Participant: 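Mind looking over this structure? Questions follow.
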Amino acid sequence: MIRDFMDKDFLLQTETARRLYHEHAEHMPIIDYHCHLSPKEIAEDHHYRSITELWLGGDHYKWRAMRTNGVDEHFITGDASDWEKFEKWAETVPYTFRNPLYHWTHLELRTAFGINKVLNPDTAREIYDECNEKLKLPEFSARSLMKRYNVETVCTTDDPIDSLEYHQQLRKEGFSVKVIPAWRPDKVMNLTNLDAYREYVDKLAEVSGVKINSYKDLIDALKVRHEFFESMGCRLSDHGVNRMYYAEYTDQEIETIYKNILAGKAPNAHEAEQFYTAILHDLAVMDAEAGWVQQYHYGALRNACTRIFKKLGPDVGVDSIGDQSTATAMARFLDSLDREGKLAKTILYNLNPADNYLMGSMIGNFQDGSVPGKIQWGSAWWFCDQKEGMEAQLNTLSVLGLLSRFVGMLTDSRSFLSYPRHEYFRRILCNLIGRDVENGEIPASEMKRIGEMVEDICYNNAKRYFQF
């Protein structure tokens with residue numbers, strides 16, 4: 001028998017899976033503890049001029065698919081009209097069978113707009129017009145979409161020099177969804193362009209009120225901003241690194257390296273390794289002393305296509321999985337913090353699935369009994385953020401750690417329509433657990449505990465872990 005496309009039991013292959021999802025997972029609130037939503041759009045309760053702006057405006061997943069389908073850049077990031085861009089996306093959708101974009105596209109149409117039609121060239125105009133008419137209504141603004149999806153908390157991604165003015169506005173207004181900043185100090189480590197780096201340091205000096213003429217000054221300035229973020233409710237940091245770093249260093253060596261950087265002299269490979277180790281260490285100590293959670297996303301090979309990068313900049317769909325070696329450096333870095341008693345709650349995300357067993361085993365090394373699941377392996381990320389990738393992460397975590405203590409899913413997205421990714425994850429989770437119950441691998445007599453486990457992974461674990 002052929003099932004209806006994406007019916008209410010989509011991805012739920014057993015009766016137990018269906019029960020777990022509909023009775024336990026489906027209605028749990030969402031804590032989206034890592035995303036790239038615009039605080040400005042939330043604060044201004046942005047109303048979108050069209051489905052194209054909302055759906056295609058910053059979605060590099062869709063951009064990659066359109067380029068692969070032979071769509072000219074004029075219709076992707078160029079100055080084509082909103083309708084022309086949407087039309088080209090609709091032409092691409094039928095070529096995305098078995099790509100998660102096909103499921104996400106139709107989940108978003110269904111959950112946000114109540115549209116159950118399949119998007120293709122024949123339905124494109126009808127769907128485009130219906131979405132645009134609904135977007136004129138108050139219940140389709142940025143804030144309303146967050147409420148529609150039962151979002152309780154989101155953590156945005158914010159640079160240390162950010163004023164956080166929109167977070168302040170939202171706090172004053174008492175918006176029902178908590179919008180919390182997350183500290184993302186990547187630019188303080190980006191030495192690819194020393195002129196741009198020194199311009200950034202000047203801005204950091206200005207907003208912190210600390211003159212930066214040395215590495216110690218840099219840390220002092222970051223500490224000022226770290227405390228400001230904490231005053232604004234920040235509880236998390238996040239680092240996007242190519243790989244983990246570790247090299248022994250002395251304070252004097254770091255001071256010399258940093259003064260050379262400020263003078264325009266690029267460090268050699270070993271000096272760069274020392275500098276990255278030092279800055280990550282000192283930032284990690286700040287997090288530990290503040291009681292924050294620190295996150296590390298590693299393994300991306302960014303901006304691989306020079307042609308598109310020069311034209312459009314970063315985060316436009318020309319990144320891929322890298323194959324950098326990281327196990328030894330990661331272990332030594334975490335161990336150095338652990339020996340000092342400065343290892344904060346930590347979430348590690350790998351982009352290369354070849355590192356799955358590395359990650360599943362690494363997190364167990366540094367648990368200390370103080371917090372359940374203190375060291376976490378983050379949810380399947382970016383290229384792994386799909387059915388097969390999620391299943392692989394969940395299965396590996398299950399056999400090497402405690403799935404029951406997992407803090408669950410996040411969107412990692414710039415789109416206000418990405419919340420169905422939580423639904424996608426929850427269905428996959430319930431299907432895996434339900435299958436094990438029906439295969440006799442988990443006792444059916446423990447359904448109360450199993451239901452609690454599902455609710456914990458979907459919401460409760462994150463609530464307790466981040467202390468929101």
Side-chain angles (χ1 to χ4, degrees), residues 160 182-191 214-223 225-227 229-230 235-258 261 267-299 322 324-352 355 357-378 400-401 465:
W183 168 268
R184 179 82 174 230
D186 291 358
K187 289 183 180 179
V188 82
M189 289 181 58
N190 187 351
L191 304 180
S214 67
Y215 179 76
K216 180 181 181 302
D217 294 338
L218 175 69
I219 297 304
D220 288 344
L222 288 168
K223 181 68 173 175
R225 298 305 294 172
H226 198 274
E227 291 172 352
F229 269 60
E230 184 173 17
R235 303 290 304 159
L236 298 90
S237 69
D238 183 55
H239 305 268
V241 292
N242 292 337
R243 58 181 175 84
M244 297 300 291
Y245 300 94
Y246 190 83
E248 298 288 346
Y249 61 87
T250 66
D251 292 343
Q252 185 56 52
E253 285 175 321
I254 298 302
E255 286 292 356
T256 300
I257 292 167
Y258 197 67
I261 290 170
N268 61 35
H270 179 64
E271 290 171 335
E273 187 88 8
Q274 289 178 304
F275 174 69
Y276 295 148
T277 304
I279 193 73
L280 285 174
H281 171 273
D282 291 338
L283 290 168
V285 169
M286 289 184 207
D287 291 347
E289 292 178 347
W292 289 10
V293 175
Q294 59 185 1
Q295 302 175 90
Y296 297 92
H297 289 80
Y298 83 90
Q324 303 94 335
S325 175
T326 201
T328 300
M330 180 183 292
R332 294 180 71 187
F333 177 72
L334 296 174
D335 186 55
S336 69
L337 293 168
D338 186 71
R339 283 186 279 111
E340 295 174 30
K342 299 294 185 181
L343 181 56
K345 295 177 188 175
T346 302
I347 308 177
L348 303 167
Y349 305 82
N350 60 298
L351 191 55
N352 193 331
D355 289 349
Y357 270 74
L358 182 165
M359 297 296 285
S361 61
M362 182 68 72
I363 62 172
N365 295 333
F366 300 100
Q367 309 289 2
D368 62 11
S370 64
V371 177
K374 176 181 176 180
I375 312 300
Q376 291 274 329
W377 176 19
L400 297 179
Y465 188 77

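Remember, it's a predicted structure, so these values are computed and weren't measured experimentally. All residue numbers refer to positions in the sequence shown, counting from 1.
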Participant: Take His239 and Gln295 through the test side-chain contact (heavy atoms from CB on, under 4.5 Å) and record every step on the way to the result.
Facilitator: CA-CA 6 Å; His239 305 268; Gln295 302 175 90; over 6 Å; no
Participant: Is any NZ, NE, NH1 or NH2 atom of the basic residue among Lys342 and Glu289 found under 4.0 Å from an Asp or Glu carboxylate oxygen of the other?
Facilitator: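 So Lys342 pairs with Glu289 through a salt bridge.
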Participant: Run the ring-ring contact (aromatic ring centres under 6.0 Å, His included) test against His297 and tell me which residues pass, sequence neighbours left out.
Facilitator: His34, Tyr349, Trp381
Participant: Do you know the tightest heavy-atom contact between Ala290 and His226?
Facilitator: CB-CE1, 3.8 Å
Participant: Which pair of non-hydrogen atoms, one from Ile279 and one from Tyr276, has the smallest distance, and what is that distance?
Facilitator: CG2-O, 3.3 Å
Participant: Drop me the distance from Tyr357's OH to Leu400's CG, to the nearest 0.5 angstrom.
Facilitator: 6.0 Å
Participant: Within the side chain of Asn268, is there an N or O that forms a donor-acceptor pair under 3.5 Å with the backbone of Glu271?
Facilitator: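 Checking the backbone N and O of Glu271 against the side chain of Asn268, a donor-acceptor pair under 3.5 Å is found.
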Participant: Just checking, any donor-acceptor pair under 3.5 angstrom between side chains of Ser237 and Gln294?
Facilitator: no
Participant: My understanding is that only residues two or more places apart in sequence, or in another chain, count here; which of them pass ring-ring contact (aromatic ring centres under 6.0 Å, His included) with Tyr249?
Facilitator: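 Applying ring-ring contact (aromatic ring centres under 6.0 Å, His included) to Tyr249 gives none.
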Participant: So, taking the atom named CE in Met286 and the one named CZ in Arg225, what distance separates them when rounded to the nearest 0.5 Å?
Facilitator: 12.5 Å
Participant: Given the rule in the side-chain contact (heavy atoms from CB on, under 4.5 Å) test, do Ile347 and Asp238 qualify, once you have shown the distances and angles that lead to the verdict?
Facilitator: CA-CA 9 Å; Ile347 308 177; Asp238 183 55; over 6 Å; no
Participant: Using side-chain hydrogen bond (donor to acceptor under 3.5 Å, both in side chains) as the criterion, list what pairs up with Asn190, not counting sequence neighbours.
Facilitator: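 Asn190 satisfies side-chain hydrogen bond (donor to acceptor under 3.5 Å, both in side chains) with Thr192 once adjacent residues are dropped.
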Participant: Honestly, is Lys345 close enough over Tyr465, meaning NZ or CZ under 6.0 Å from the six-membered ring centre and within 45° of the axis?
Facilitator: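 Lys345 over Tyr465 ring: yes.
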Participant: Taking NZ, NE, NH1 and NH2 as the nitrogens, is one of them in Arg332 or Glu248 under 4.0 Å from a carboxylate oxygen of the other?
Facilitator: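 Judged by the 4.0 Å cut-off on N to carboxylate O distance, Arg332 and Glu248 do form a salt bridge.
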Participant: Side chain to side chain donor-acceptor pair (under 3.5 Å), that's the test. Do Tyr215 and Asp282 meet it? Break it down for me.
Facilitator: CA-CA 11 Å; Tyr215 179 76; Asp282 291 338; 2.7 Å; yes
Participant: Report the relative orientation of the aromatic rings in Phe333 and Tyr296; use parallel for angles under 30°, tilted for 30 to 60°, perpendicular for over 60°.
Facilitator: perpendicular
Participant: Pro267 and Ala272: which non-hydrogen atoms are nearest, and at how many Å?
Facilitator: CB-N, 3.8 Å
Participant: Is it true that a side-chain atom of Asp338 and a backbone atom of Asp335 form a donor plus acceptor pair closer than 3.5 Å?
Facilitator: no
Participant: Mind checking whether Leu348 and Leu334 have side chains closer than 4.5 Å, heavy atoms only?
Facilitator: yes
Participant: For the pair Glu340 (side chain) and Leu337 (backbone), establish whether a donor and an acceptor sit closer than 3.5 Å, ignoring hydrogens and angles.
Facilitator: no
Participant: For the backbone of Ile254 and the side chain of Gln274, can you confirm whether one donor and one acceptor N or O come within less than 3.5 Å of each other?
Facilitator: no
Participant: At what distance, to the nearest 0.5 angstrom, does CG of Leu351 lie from CZ of Arg243?
Facilitator: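 It is 16.0 Å, given to the nearest 0.5 Å.
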Participant: Asn350 and Trp377: side-chain donor and acceptor closer than 3.5 Å?
Facilitator: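 Judged by distance alone, the side chains do pair up.
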Participant: Between the side chains of Asn352 and Tyr298, does any donor sit under 3.5 Å from an acceptor?
Facilitator: no
Participant: For Asp368, is there any backbone N or O sitting under 3.5 Å from a side-chain donor or acceptor partner on Ser370?
Facilitator: no
Participant: Are Tyr258 and Phe275 close enough that their ring centers fall under 6.0 Å?
Facilitator: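 Yes; Phe275 has its ring centre under 6.0 Å from that of Tyr258.
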Participant: Quick check: are there more than 12 heavy atoms from other residues, nucleotides or ligands sitting under 6.0 Å from NZ of Lys216?
Facilitator: no
Participant: Where do Thr277 and Ala247 come nearest, in terms of heavy atoms and distance?
Facilitator: OG1-N, 3.0 Å
Participant: Output the distance between atom CD1 (Ile363) and atom NZ (Lys374), rounded to the nearest 0.5 Å.
Facilitator: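 Nearest 0.5 Å value for the CD1-NZ distance: 13.5 Å.
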Participant: Is there side-chain contact between Pro160 and Val188, with heavy atoms separated by less than 4.5 Å?
Facilitator: no
Participant: To the nearest 0.5 angstrom, please state how far the CZ atom of Phe366 sits from the CD1 atom of Ile375.
Facilitator: 8.0 Å
Participant: Can you check whether Asn242 reaches Gln324 side chain to side chain, under 4.5 Å on heavy atoms?
Facilitator: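 Counting from C-beta outward, Asn242 and Gln324 do come under 4.5 Å.
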Participant: Between CE of Met362 and OG1 of Thr326, what distance do you get to the nearest 0.5 Å?
Facilitator: 7.5 Å
